[in-house]
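Working notes, structure below.
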Amino acid sequence: MTQYWLAKSEPDVYSIDQLQKDGSTGWEGVRNYQARNSLRAMKKGDLLLFYHSNAEPSGLAGVARIKKEAFPDLSALDPKSEYHDPKATAEDPRWSSVEVEFVETFARVIPLTELKADPALAGLEVARKGSRLSVTPVSEAHFHYLVKLGRKG
DNA sequence: GCCAACGTTGGC
DNA sequence: GCCAACGTTGGC
């Protein structure tokens with residue numbers, strides 16, 4: 001059964017356009033346990049809404065697919081990485097990563113203001129006030145609704 | 001730059 | 001185990 005997810009990325013760091021160019025990428029740098037647990041629950045073939053945070057505007061930019069299920073996020077072990085975690089060890093890297101592949105870029109970014117204002121999206125985690133979780137599950141109904149919205153342009 | 005809403009750390 | 005202090009995320 002396909003599961004649906006949402007993950008945030010700052011487009012200045014990694015955007016959906018970059019993912020399209022790269023084809024696929026390792027989703028690194030998640031340093032929050034709840035978000036990490038979502039990464040670990042992802043299955044190959046699951047679909048992911050790509051959210052641009054700290055952007056103009058912030059909002060949903062497209063869709064990606066899980067290509068490879070969770071594996072250790074080795075950037076946590078690299079002292080030169082901005083994602084370095086001094087508590088991570090080779091025996092217990094603590095953090096996880098998944099490989100995601102590009103699926104589509106929306107005809108437009110669906111801005112956060114719109115997500116918050118839409119009664120059909122009640123309960124969507126990213127639209128909750130003060131939501132900081134960078135990886136969250138999304139219901140199937142919300143996912144399909146949002147893809148339709150994004151394709152409309 | 002401000003600040004709300006967290007999560008994490010560490011003293012006790 | 002409690003909780004204050006601190007750090008981070010991310011909208012605005």
Side-chain angles (χ1 to χ4, degrees), chain A residues 3-22 25-42 46-66 69-100 102-139 142-143 145-153:
Chain A
Q3 304 176 97
Y4 302 91
W5 307 94
L6 180 150
K8 298 178 182 177
S9 179
E10 300 190 25
D12 291 347
V13 178
Y14 198 89
S15 67
I16 187 114
D17 291 343
Q18 191 60 47
L19 179 60
Q20 179 163 24
K21 280 179 201 145
D22 294 345
T25 191
W27 202 272
E28 292 186 333
V30 170
R31 295 294 177 267
N32 167 285
Y33 286 105
Q34 234 182 305
R36 183 202 68 180
N37 291 343
S38 285
L39 288 180
R40 290 184 176 178
M42 290 177 180
D46 283 0
L47 293 168
L48 177 80
L49 291 163
F50 198 118
Y51 180 89
H52 281 172
S53 60
N54 275 323
E56 210 37 70
S58 291
L60 291 171
V63 178
R65 184 188 299 112
I66 309 307
E69 295 175 15
F71 52 92
D73 181 350
L74 297 179
S75 68
L77 300 177
D78 179 0
K80 291 196 283 288
S81 169
E82 61 173 315
Y83 302 129
H84 179 236
D85 177 359
K87 291 184 177 162
T89 63
E91 295 73 35
D92 178 18
R94 283 176 50 142
W95 305 110
S96 295
S97 188
V98 294
E99 184 84 10
V100 305
F102 176 80
V103 175
E104 67 178 282
T105 300
F106 287 157
R108 63 178 182 119
V109 170
I110 310 173
L112 178 61
T113 50
E114 192 174 327
L115 302 180
K116 285 184 166 168
D118 192 335
L121 295 172
L124 184 70
E125 171 64 23
V126 77
R128 231 191 72 237
K129 185 182 171 173
S131 170
R132 296 189 309 162
L133 264 185
S134 62
V135 186
T136 56
V138 173
S139 75
H142 281 167
F143 180 87
Y145 180 84
L146 288 163
V147 168
K148 247 181 240 167
L149 269 188
R151 283 178 181 157
K152 260 201 293 198

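What you see is a predicted model; the values in this text were computed from it and never measured.
Taking 4.5 Å as the limit, some side-chain heavy atom of A:L146 sits within range of a side-chain heavy atom of A:L121.
Atom CG in A:L115 sits about 15 Å away from atom C1' in C:dG10, given to the nearest Å. Straight-line distance from the CD atom of A:E125 to the P atom of C:dG10: 11 Å, rounded to whole Å. Computed from coordinates, the A:K116 NZ to C:dG11 P distance equals 8 Å when rounded to whole Å. The nearest whole Å value for the distance from the CG atom in A:N32 to the P atom in B:dC6 is 12 Å.
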What are the atom names and distances for every N/O pair under 3.5 Å that joins the protein to nucleotides 7-9 of chain C?
{"unit_1": "C:dT8", "atom_1": "O2", "unit_2": "A:R132", "atom_2": "NH1", "d": "2.3"}

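Every residue was checked against the salt bridge (Lys or Arg N to Asp or Glu O under 4.0 Å) condition with A:R36, not counting sequence neighbours, and none meets it. The salt bridge (Lys or Arg N to Asp or Glu O under 4.0 Å) search around A:D118 returns none, not counting sequence neighbours. Not counting sequence neighbours, A:R40 has no partner by the salt bridge (Lys or Arg N to Asp or Glu O under 4.0 Å) test.
For A:Y51, a side-chain nitrogen or oxygen approaches OP1 or OP2 of C:dG11 to under 4.0 Å.
Within the structure, the salt bridge (charged side-chain N to carboxylate O under 4.0 Å, His left out) test picks out no pair touching residues 4-15 of chain A (sequence neighbours left out).
Counting non-hydrogen atoms of other residues, nucleotides and ligands closer than 6.0 Å to CD of A:E125 gives a total above 12.
Aromatic rings of A:F50 and A:W27 (six-membered ring for Trp) have centroids within the 6.0 Å cut-off, being under it.
Annotation for A:R151 and A:F106: closest pair N-CD2, 4.3 Å, computed over non-hydrogen atoms.
Using a 4.0 Å cut-off on heavy atoms, none of the residues of residues 76-95 of chain A approach DNA chain C.
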